[in-house]
Student: 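Can you keep this structure in mind? I'll have questions shortly.
Below, chain A is the first sequence line, B the second, and so on; all start at residue 1.
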2 protein chains.
Amino acid sequence: MLNGDMDQSPSTRDKLLTAARELFWTRGYSNVSLRDIAKSAGVDVALVSRYFGGKQGLFEATLAEIPTWEALVVDPDGVLAAAVASFAHPCDPGTDETNVFTMLLTNIIDPEMGGKIRCMVQRGLADPLARKLGGNRAEERAALLLAALFGMALMRKNFRLDALANKPQAETDAQIRHLAAAALEYGDV
Amino acid sequence: MLNGDMDQSPSTRDKLLTAARELFWTRGYSNVSLRDIAKSAGVDVALVSRYFGGKQGLFEATLAEIPTWEALVVDPDGVLAAAVASFAHPCDPGTDETNVFTMLLTNIIDPEMGGKIRCMVQRGLADPLARKLGGNRAEERAALLLAALFGMALMRKNFRLDALANKPQAETDAQIRHLAAAALEYGDV
DNA sequence: CAGAGTTGTCAACGACTGTTGACGCGTTCC
DNA sequence: GGAACGCGTCAACAGTCGTTGACAACTCTG
(Lines give C-alpha, C1' and ligand atoms only; values in the text may rest on other atoms or scores of the structure.)
Protein backbone atom coordinates (compact mmCIF):
# COMPACT_ATOMS: atom_id res chain seq x y z
CA MET A 1 0.00 0.00 0.00
CA LEU A 2 1.48 3.29 -1.02
CA ASN A 3 1.51 6.01 1.54
CA GLY A 4 -0.43 8.48 -0.59
CA ASP A 5 -0.66 11.94 0.89
CA MET A 6 -1.80 10.88 4.30
CA ASP A 7 0.35 12.22 7.11
CA GLN A 8 -0.23 9.51 9.66
CA SER A 9 3.25 8.28 10.64
CA PRO A 10 6.16 9.56 8.60
CA SER A 11 7.70 7.08 6.19
CA THR A 12 11.30 6.01 6.62
CA ARG A 13 12.23 8.14 3.66
CA ASP A 14 10.70 11.20 5.28
CA LYS A 15 12.31 10.44 8.61
CA LEU A 16 15.69 10.36 6.91
CA LEU A 17 14.97 13.54 4.98
CA THR A 18 13.92 15.42 8.09
CA ALA A 19 16.91 14.32 10.10
CA ALA A 20 19.23 15.05 7.18
CA ARG A 21 17.95 18.60 6.78
CA GLU A 22 18.26 19.24 10.48
CA LEU A 23 21.86 18.04 10.60
CA PHE A 24 23.21 18.99 7.18
CA TRP A 25 21.83 22.49 7.40
CA THR A 26 23.20 23.24 10.84
CA ARG A 27 26.51 21.38 10.92
CA GLY A 28 27.48 21.31 7.26
CA TYR A 29 27.72 18.51 4.74
CA SER A 30 31.17 17.14 5.57
CA ASN A 31 30.71 17.48 9.31
CA VAL A 32 27.77 15.09 9.42
CA SER A 33 28.06 11.35 8.93
CA LEU A 34 25.36 9.12 7.54
CA ARG A 35 25.41 7.25 10.81
CA ASP A 36 24.59 10.47 12.66
CA ILE A 37 21.60 11.02 10.43
CA ALA A 38 20.46 7.42 10.60
CA LYS A 39 20.69 7.39 14.39
CA SER A 40 18.79 10.66 14.64
CA ALA A 41 16.10 9.25 12.37
CA GLY A 42 16.02 5.93 14.21
CA VAL A 43 16.77 4.04 11.04
CA ASP A 44 19.52 1.85 9.63
CA VAL A 45 22.40 3.50 7.78
CA ALA A 46 22.12 1.26 4.76
CA LEU A 47 18.71 2.67 3.92
CA VAL A 48 20.26 5.98 2.90
CA SER A 49 21.92 4.40 -0.09
CA ARG A 50 18.74 2.54 -0.95
CA TYR A 51 16.43 5.56 -0.89
CA PHE A 52 18.73 8.36 -2.01
CA GLY A 53 21.59 6.61 -3.74
CA GLY A 54 24.15 7.88 -1.25
CA LYS A 55 25.17 10.79 0.92
CA GLN A 56 25.27 13.32 -1.91
CA GLY A 57 21.83 12.27 -3.08
CA LEU A 58 20.42 12.73 0.39
CA PHE A 59 21.90 16.20 0.68
CA GLU A 60 20.55 17.25 -2.69
CA ALA A 61 17.16 15.91 -1.70
CA THR A 62 17.13 18.35 1.21
CA LEU A 63 17.96 21.15 -1.23
CA ALA A 64 15.11 20.15 -3.51
CA GLU A 65 12.72 20.96 -0.70
CA ILE A 66 13.59 24.63 -0.81
CA PRO A 67 10.73 26.62 -2.27
CA THR A 68 11.51 28.51 -5.41
CA TRP A 69 14.14 31.09 -4.77
CA GLU A 70 11.86 33.59 -6.43
CA ALA A 71 9.77 33.39 -3.28
CA LEU A 72 12.63 35.06 -1.46
CA VAL A 73 12.78 37.78 -4.08
CA VAL A 74 9.25 38.99 -4.27
CA ASP A 75 7.78 42.21 -5.47
CA PRO A 76 10.25 44.75 -6.91
CA ASP A 77 8.92 47.60 -4.81
CA GLY A 78 9.08 46.00 -1.42
CA VAL A 79 12.43 44.28 -1.77
CA LEU A 80 13.67 45.70 1.49
CA ALA A 81 10.70 44.62 3.55
CA ALA A 82 10.73 41.28 1.82
CA ALA A 83 14.39 40.82 2.59
CA VAL A 84 13.84 41.50 6.26
CA ALA A 85 10.84 39.20 6.30
CA SER A 86 12.59 36.40 4.45
CA PHE A 87 15.46 36.76 6.83
CA ALA A 88 13.27 36.43 9.88
CA HIS A 89 11.00 33.69 8.54
CA PRO A 90 13.30 32.11 6.04
CA CYS A 91 11.80 28.96 4.69
CA ASP A 92 10.80 26.33 7.12
CA PRO A 93 9.29 27.96 10.19
CA GLY A 94 10.09 24.83 12.15
CA THR A 95 13.28 24.89 14.14
CA ASP A 96 14.82 28.29 14.48
CA GLU A 97 18.15 27.03 13.23
CA THR A 98 17.11 25.24 10.05
CA ASN A 99 16.63 28.09 7.66
CA VAL A 100 18.00 28.67 4.21
CA PHE A 101 20.43 31.41 5.19
CA THR A 102 21.98 29.25 7.87
CA MET A 103 22.21 26.35 5.46
CA LEU A 104 23.96 28.44 2.81
CA LEU A 105 26.40 29.83 5.36
CA THR A 106 27.18 26.46 6.84
CA ASN A 107 27.77 24.72 3.53
CA ILE A 108 29.51 27.40 1.46
CA ILE A 109 32.79 26.43 3.10
CA ASP A 110 32.39 22.75 2.39
CA PRO A 111 34.99 21.32 0.02
CA GLU A 112 32.46 19.09 -1.73
CA MET A 113 29.32 21.20 -1.76
CA GLY A 114 30.75 24.72 -1.81
CA GLY A 115 30.62 24.94 -5.58
CA LYS A 116 26.99 23.94 -5.75
CA ILE A 117 26.03 26.42 -3.05
CA ARG A 118 27.95 29.15 -4.83
CA CYS A 119 26.02 28.55 -8.04
CA MET A 120 22.72 28.46 -6.18
CA VAL A 121 23.34 31.85 -4.60
CA GLN A 122 24.68 33.51 -7.73
CA ARG A 123 22.07 32.25 -10.16
CA GLY A 124 19.16 31.77 -7.81
CA LEU A 125 19.55 34.70 -5.46
CA ALA A 126 21.94 37.44 -6.63
CA ASP A 127 20.96 37.47 -10.30
CA PRO A 128 17.17 37.50 -9.88
CA LEU A 129 17.48 40.02 -7.07
CA ALA A 130 19.49 42.35 -9.30
CA ARG A 131 16.87 41.92 -12.03
CA LYS A 132 14.08 42.86 -9.64
CA LEU A 133 15.96 45.85 -8.33
CA GLY A 134 16.81 47.32 -11.72
CA GLY A 135 18.24 50.81 -12.16
CA ASN A 136 21.83 51.88 -11.75
CA ARG A 137 24.36 49.42 -10.34
CA ALA A 138 21.61 46.87 -9.78
CA GLU A 139 24.05 43.99 -9.47
CA GLU A 140 26.22 45.77 -6.95
CA ARG A 141 23.28 46.89 -4.85
CA ALA A 142 21.94 43.35 -4.86
CA ALA A 143 25.34 42.04 -3.81
CA LEU A 144 25.62 44.58 -1.01
CA LEU A 145 22.15 43.70 0.20
CA LEU A 146 23.11 40.05 0.34
CA ALA A 147 26.33 40.98 2.16
CA ALA A 148 24.28 42.82 4.76
CA LEU A 149 21.78 39.98 5.20
CA PHE A 150 24.37 37.23 5.35
CA GLY A 151 26.61 39.32 7.54
CA MET A 152 23.83 39.79 10.06
CA ALA A 153 22.92 36.11 9.92
CA LEU A 154 26.55 35.24 10.48
CA MET A 155 26.95 37.52 13.49
CA ARG A 156 23.72 36.35 15.08
CA LYS A 157 23.68 32.63 14.43
CA ASN A 158 27.32 31.67 14.03
CA PHE A 159 29.48 34.19 15.85
CA ARG A 160 26.61 34.84 18.28
CA LEU A 161 27.76 38.29 19.25
CA ASP A 162 26.32 39.35 22.57
CA ALA A 163 25.00 42.58 21.10
CA LEU A 164 22.89 40.79 18.48
CA ALA A 165 21.97 37.32 19.64
CA ASN A 166 18.86 36.66 21.70
CA LYS A 167 17.45 40.13 21.28
CA PRO A 168 13.77 40.97 20.81
CA GLN A 169 12.58 40.54 17.25
CA ALA A 170 11.77 44.24 16.79
CA GLU A 171 15.32 45.27 17.58
CA THR A 172 16.81 42.75 15.19
CA ASP A 173 14.42 43.88 12.47
CA ALA A 174 15.48 47.48 12.94
CA GLN A 175 19.17 46.58 12.70
CA ILE A 176 18.73 44.51 9.57
CA ARG A 177 16.52 47.12 7.97
CA HIS A 178 19.08 49.82 8.70
CA LEU A 179 21.96 47.94 7.10
CA ALA A 180 19.90 46.61 4.20
CA ALA A 181 18.53 50.06 3.40
CA ALA A 182 22.07 51.41 3.23
CA ALA A 183 23.02 48.61 0.85
CA LEU A 184 20.15 49.46 -1.48
CA GLU A 185 21.11 53.12 -1.54
CA TYR A 186 24.61 52.41 -2.83
CA GLY A 187 25.45 54.61 -5.79
CA ASP A 188 22.56 57.03 -5.23
CA VAL A 189 22.99 60.74 -4.62
CA MET B 1 72.75 23.75 17.27
CA LEU B 2 69.61 25.76 17.72
CA ASN B 3 68.39 27.73 14.77
CA GLY B 4 68.47 31.06 16.54
CA ASP B 5 66.88 33.84 14.53
CA MET B 6 68.72 33.20 11.30
CA ASP B 7 66.38 32.83 8.34
CA GLN B 8 68.54 30.74 6.08
CA SER B 9 66.48 27.69 5.14
CA PRO B 10 63.24 27.23 7.02
CA SER B 11 63.25 24.60 9.71
CA THR B 12 60.92 21.66 9.53
CA ARG B 13 58.81 23.23 12.23
CA ASP B 14 58.42 26.40 10.18
CA LYS B 15 57.66 24.47 7.02
CA LEU B 16 54.84 22.72 8.82
CA LEU B 17 53.55 25.95 10.32
CA THR B 18 53.49 27.72 6.97
CA ALA B 19 51.74 24.88 5.19
CA ALA B 20 49.29 24.52 8.07
CA ARG B 21 48.34 28.18 8.01
CA GLU B 22 47.87 28.11 4.26
CA LEU B 23 45.59 25.08 4.39
CA PHE B 24 43.80 25.51 7.72
CA TRP B 25 42.98 29.12 7.02
CA THR B 26 41.56 28.55 3.57
CA ARG B 27 39.88 25.15 3.81
CA GLY B 28 38.95 24.96 7.48
CA TYR B 29 40.22 22.84 10.33
CA SER B 30 38.19 19.69 9.79
CA ASN B 31 38.54 19.79 6.03
CA VAL B 32 42.31 19.48 6.12
CA SER B 33 44.17 16.31 7.06
CA LEU B 34 47.58 16.20 8.63
CA ARG B 35 48.74 14.23 5.62
CA ASP B 36 47.69 17.10 3.36
CA ILE B 37 49.74 19.51 5.42
CA ALA B 38 52.73 17.19 5.65
CA LYS B 39 52.72 16.58 1.92
CA SER B 40 52.45 20.31 1.21
CA ALA B 41 55.37 20.94 3.56
CA GLY B 42 57.40 18.06 2.13
CA VAL B 43 57.69 16.46 5.53
CA ASP B 44 56.61 13.28 7.28
CA VAL B 45 53.22 13.21 9.00
CA ALA B 46 54.56 11.90 12.27
CA LEU B 47 56.54 15.08 12.83
CA VAL B 48 53.37 17.03 13.46
CA SER B 49 52.75 15.16 16.66
CA ARG B 50 56.37 15.53 17.65
CA TYR B 51 56.59 19.30 17.16
CA PHE B 52 53.07 20.43 18.00
CA GLY B 53 51.61 17.59 20.01
CA GLY B 54 48.89 16.90 17.49
CA LYS B 55 46.50 18.45 15.01
CA GLN B 56 44.88 20.78 17.50
CA GLY B 57 48.26 22.02 18.68
CA LEU B 58 49.31 22.77 15.12
CA PHE B 59 46.14 24.74 14.47
CA GLU B 60 46.53 26.76 17.64
CA ALA B 61 50.12 27.46 16.72
CA THR B 62 48.89 29.12 13.54
CA LEU B 63 46.53 31.23 15.64
CA ALA B 64 49.34 32.31 17.92
CA GLU B 65 50.97 33.96 14.95
CA ILE B 66 48.18 36.51 14.66
CA PRO B 67 49.36 39.92 15.79
CA THR B 68 47.44 41.39 18.66
CA TRP B 69 43.86 41.95 17.74
CA GLU B 70 44.24 45.50 18.93
CA ALA B 71 46.15 46.12 15.71
CA LEU B 72 42.89 45.68 13.84
CA VAL B 73 41.10 48.09 16.12
CA VAL B 74 43.25 51.16 16.08
CA ASP B 75 42.57 54.78 16.84
CA PRO B 76 39.05 55.66 18.00
CA ASP B 77 38.57 58.41 15.45
CA GLY B 78 39.53 56.54 12.35
CA VAL B 79 37.83 53.26 13.14
CA LEU B 80 36.08 53.20 9.81
CA ALA B 81 39.16 53.85 7.74
CA ALA B 82 41.07 51.38 9.86
CA ALA B 83 38.41 48.74 9.40
CA VAL B 84 38.53 49.16 5.65
CA ALA B 85 42.30 49.06 5.66
CA SER B 86 42.49 46.03 7.89
CA PHE B 87 40.00 44.38 5.63
CA ALA B 88 42.02 45.04 2.53
CA HIS B 89 45.41 44.27 4.07
CA PRO B 90 44.32 42.00 6.83
CA CYS B 91 47.33 40.53 8.55
CA ASP B 92 49.75 38.62 6.47
CA PRO B 93 50.17 40.36 3.10
CA GLY B 94 51.36 37.07 1.67
CA THR B 95 48.82 35.07 -0.23
CA ASP B 96 45.63 36.95 -0.93
CA GLU B 97 43.58 34.20 0.65
CA THR B 98 45.40 33.73 3.92
CA ASN B 99 44.06 36.62 5.92
CA VAL B 100 42.45 36.71 9.32
CA PHE B 101 38.95 37.45 8.11
CA THR B 102 39.00 34.50 5.75
CA MET B 103 40.34 32.28 8.49
CA LEU B 104 37.62 33.30 10.94
CA LEU B 105 34.91 32.76 8.33
CA THR B 106 36.24 29.39 7.29
CA ASN B 107 36.60 28.03 10.80
CA ILE B 108 33.60 29.48 12.62
CA ILE B 109 31.48 26.65 11.21
CA ASP B 110 33.88 23.95 12.33
CA PRO B 111 32.45 21.59 14.95
CA GLU B 112 35.72 21.41 16.88
CA MET B 113 37.13 24.93 16.53
CA GLY B 114 33.96 26.98 16.21
CA GLY B 115 33.79 27.69 19.92
CA LYS B 116 37.34 28.94 20.08
CA ILE B 117 36.84 31.20 17.06
CA ARG B 118 33.63 32.53 18.58
CA CYS B 119 35.44 33.54 21.76
CA MET B 120 38.26 35.14 19.81
CA VAL B 121 35.89 37.34 17.84
CA GLN B 122 33.73 38.30 20.79
CA ARG B 123 36.49 39.06 23.25
CA GLY B 124 39.23 40.05 20.85
CA LEU B 125 37.32 41.93 18.20
CA ALA B 126 33.75 42.92 19.11
CA ASP B 127 34.40 43.95 22.71
CA PRO B 128 37.50 46.10 22.15
CA LEU B 129 35.91 47.61 19.06
CA ALA B 130 32.85 48.64 21.07
CA ARG B 131 35.13 50.11 23.71
CA LYS B 132 36.99 52.19 21.13
CA LEU B 133 33.77 53.39 19.55
CA GLY B 134 32.11 54.49 22.79
CA GLY B 135 28.95 56.55 22.85
CA ASN B 136 25.40 55.31 22.45
CA ARG B 137 24.77 51.71 21.44
CA ALA B 138 28.48 51.14 21.08
CA GLU B 139 28.14 47.38 21.21
CA GLU B 140 25.46 47.26 18.59
CA ARG B 141 27.30 49.59 16.25
CA ALA B 142 30.43 47.49 16.63
CA ALA B 143 28.44 44.36 15.89
CA LEU B 144 26.85 45.92 12.81
CA LEU B 145 30.25 47.02 11.59
CA LEU B 146 31.56 43.50 11.92
CA ALA B 147 28.47 42.20 10.16
CA ALA B 148 29.19 44.54 7.26
CA LEU B 149 32.88 43.60 7.07
CA PHE B 150 32.34 39.88 7.38
CA GLY B 151 29.39 40.02 5.01
CA MET B 152 31.50 41.67 2.36
CA ALA B 153 34.34 39.25 2.92
CA LEU B 154 31.90 36.38 2.62
CA MET B 155 30.39 37.61 -0.63
CA ARG B 156 33.76 38.32 -2.18
CA LYS B 157 35.89 35.41 -1.08
CA ASN B 158 33.45 32.59 -0.44
CA PHE B 159 30.32 33.17 -2.48
CA ARG B 160 32.37 35.04 -5.07
CA LEU B 161 29.50 37.09 -6.42
CA ASP B 162 30.22 38.37 -9.91
CA ALA B 163 29.38 41.92 -8.88
CA LEU B 164 32.03 41.97 -6.13
CA ALA B 165 34.82 39.53 -6.89
CA ASN B 166 37.81 40.52 -8.99
CA LYS B 167 36.96 44.20 -9.05
CA PRO B 168 39.48 47.04 -8.82
CA GLN B 169 40.56 47.82 -5.31
CA ALA B 170 39.11 51.32 -5.34
CA GLU B 171 35.64 50.06 -6.12
CA THR B 172 35.76 47.44 -3.39
CA ASP B 173 36.96 50.04 -0.90
CA ALA B 174 34.06 52.31 -1.77
CA GLN B 175 31.54 49.52 -1.28
CA ILE B 176 32.94 48.45 2.05
CA ARG B 177 33.22 52.03 3.24
CA HIS B 178 29.60 52.67 2.28
CA LEU B 179 28.24 49.72 4.21
CA ALA B 180 30.58 50.17 7.17
CA ALA B 181 29.71 53.85 7.48
CA ALA B 182 26.04 52.96 7.63
CA ALA B 183 26.75 50.45 10.38
CA LEU B 184 28.56 53.06 12.46
CA GLU B 185 25.65 55.48 12.11
CA TYR B 186 23.15 53.08 13.62
CA GLY B 187 21.08 54.70 16.32
CA ASP B 188 22.00 58.21 15.33
CA VAL B 189 19.16 60.56 14.60
C1' DC C 1 85.95 7.06 21.00
C1' DA C 2 81.61 6.38 23.77
C1' DG C 3 77.44 8.35 24.97
C1' DA C 4 73.55 11.47 24.83
C1' DG C 5 70.32 14.14 22.43
C1' DT C 6 68.01 15.62 18.32
C1' DT C 7 65.81 14.71 13.87
C1' DG C 8 63.72 12.12 10.22
C1' DT C 9 61.62 7.50 8.34
C1' DC C 10 58.48 3.94 8.41
C1' DA C 11 54.88 0.70 9.67
C1' DA C 12 51.18 -0.02 12.26
C1' DC C 13 47.16 0.79 15.50
C1' DG C 14 42.17 1.69 16.32
C1' DA C 15 38.48 4.55 15.05
C1' DC C 16 35.53 6.28 11.73
C1' DT C 17 33.87 7.07 6.94
C1' DG C 18 30.46 5.79 2.72
C1' DT C 19 28.92 1.94 0.40
C1' DT C 20 27.60 -2.82 -0.79
C1' DG C 21 25.45 -7.34 -0.76
C1' DA C 22 23.40 -11.19 1.53
C1' DC C 23 19.55 -12.49 4.30
C1' DG C 24 14.85 -12.63 6.62
C1' DC C 25 10.30 -10.97 7.14
C1' DG C 26 5.83 -9.50 5.56
C1' DT C 27 2.58 -8.16 1.97
C1' DT C 28 0.71 -8.42 -2.61
C1' DC C 29 -0.49 -10.60 -6.90
C1' DC C 30 -1.35 -14.58 -10.05
C1' DG D 1 0.01 -22.30 -2.51
C1' DG D 2 3.81 -20.09 -4.82
C1' DA D 3 6.28 -16.28 -6.89
C1' DA D 4 7.42 -11.51 -6.74
C1' DC D 5 8.34 -7.49 -4.51
C1' DG D 6 9.09 -3.87 -0.97
C1' DC D 7 11.33 -3.12 3.37
C1' DG D 8 14.45 -3.41 7.17
C1' DT D 9 18.68 -5.76 9.55
C1' DC D 10 23.25 -6.98 9.74
C1' DA D 11 28.09 -7.79 8.67
C1' DA D 12 31.65 -6.58 6.03
C1' DC D 13 34.44 -4.00 2.54
C1' DA D 14 38.08 -0.52 1.40
C1' DG D 15 39.57 3.87 2.43
C1' DT D 16 41.03 7.75 5.37
C1' DC D 17 41.76 9.79 9.70
C1' DG D 18 45.03 11.18 13.97
C1' DT D 19 48.37 9.16 16.64
C1' DT D 20 52.08 6.12 18.37
C1' DG D 21 56.41 3.69 18.90
C1' DA D 22 60.38 1.42 17.06
C1' DC D 23 64.42 2.29 14.48
C1' DA D 24 68.29 4.67 11.90
C1' DA D 25 71.14 8.75 10.95
C1' DC D 26 73.08 12.62 12.64
C1' DT D 27 75.37 16.26 15.71
C1' DC D 28 77.16 17.68 19.82
C1' DT D 29 79.42 16.69 24.49
C1' DG D 30 82.30 14.44 27.73
Student: Can you tell me the distance, in whole Å, between the OH atom of A:Y51 and the P atom of C:dT20?
Tutor: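 Distance, rounded to whole Å: 16 Å.
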Student: Look at the side chain of A:R50 and decide which nucleotide, out of C:dG8, D:dG8, D:dT20, has an atom nearest to it.
Tutor: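 Selected nucleotide: D:dG8.
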Student: In whole Å, what is the span from the CZ atom of B:R13 to the C1' atom of C:dT6?
Tutor: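 Going from B:R13 (CZ) to C:dT6 (C1'), I get 15 Å.
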Student: Do B:L164 and B:F159 have side chains that get closer than 4.5 Å, going by heavy atoms?
Tutor: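 No, side chains not in contact.
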Student: May I have the distance from B:L23 (atom CG) to D:dC17 (atom P), rounded to whole angstrom?
Tutor: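 To the nearest whole Å, that distance equals 12 Å.
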Student: In whole Å, what is the span from the CD atom of A:Q56 to the C1' atom of C:dT19?
Tutor: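 Distance, rounded to whole Å: 14 Å.
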Student: Would you indicate, yes or no, if C:dT7 has its OP1 or OP2 atom less than 4.0 angstrom from a side-chain nitrogen or oxygen of B:T12?
Tutor: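 No.
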Student: Measure the distance from CG on A:L47 to P on C:dG18 and round it to the nearest whole Å.
Tutor: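 Rounded to the whole Å, the gap is 15 Å.
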Student: Tell me which pairs pass side-chain hydrogen bond (donor to acceptor under 3.5 Å, both in side chains) where either residue lies in residues 116-127 of chain B, with sequence neighbours left out.
Tutor: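 Those involving residues 116-127 of chain B are A:D162-B:Q122, B:Q122-B:D127.
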Student: Tell me the interatomic distance from A:I37, atom CD1, to C:dG18, atom P, rounded to whole angstroms.
Tutor: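 Rounded to whole Å, this separation is 8 Å.
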Student: Measure from the side-chain N and O atoms of B:K55 to the backbone N and O of B:Y29, and report whether any donor-acceptor pair falls under 3.5 Å.
Tutor: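 It does hold such a pair.
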Student: In chain order, what residues pass the side chain to side chain contact (heavy atoms under 4.5 Å, CB included) check against A:A19, with sequence neighbours excluded?
Tutor: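 Residues passing side chain to side chain contact (heavy atoms under 4.5 Å, CB included) with A:A19: A:I37, A:S40, A:A41.
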Student: Quick check against the 3.5 Å criterion: does A:R131 have a side-chain atom that pairs as donor or acceptor with the backbone of A:A138?
Tutor: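 It does not hold such a pair.
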Student: What's the CG-P distance between A:N31 and C:dG18, to the nearest Å?
Tutor: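 Result: 11 Å.
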Student: When the ring planes of A:Y186 and B:H178 are compared, do they come out parallel, tilted or perpendicular, using 30° and 60° as the limits?
Tutor: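 Ring orientation, 0 to 90° scale: perpendicular.
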Student: If I take atom CZ in residue B:F24 and atom C1' in nucleotide D:dG18, what distance separates them, rounded to the nearest angstrom?
Tutor: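 Distance, rounded to whole Å: 11 Å.
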Student: List, with names and distances, any nitrogen or oxygen atoms from the protein found under 3.5 Å away from nitrogen or oxygen atoms belonging to nucleotides 10-17 of chain C.
Tutor:
residue: C:dT17; atom: OP1; partner: A:S33; partner atom: OG; Å: 3.3

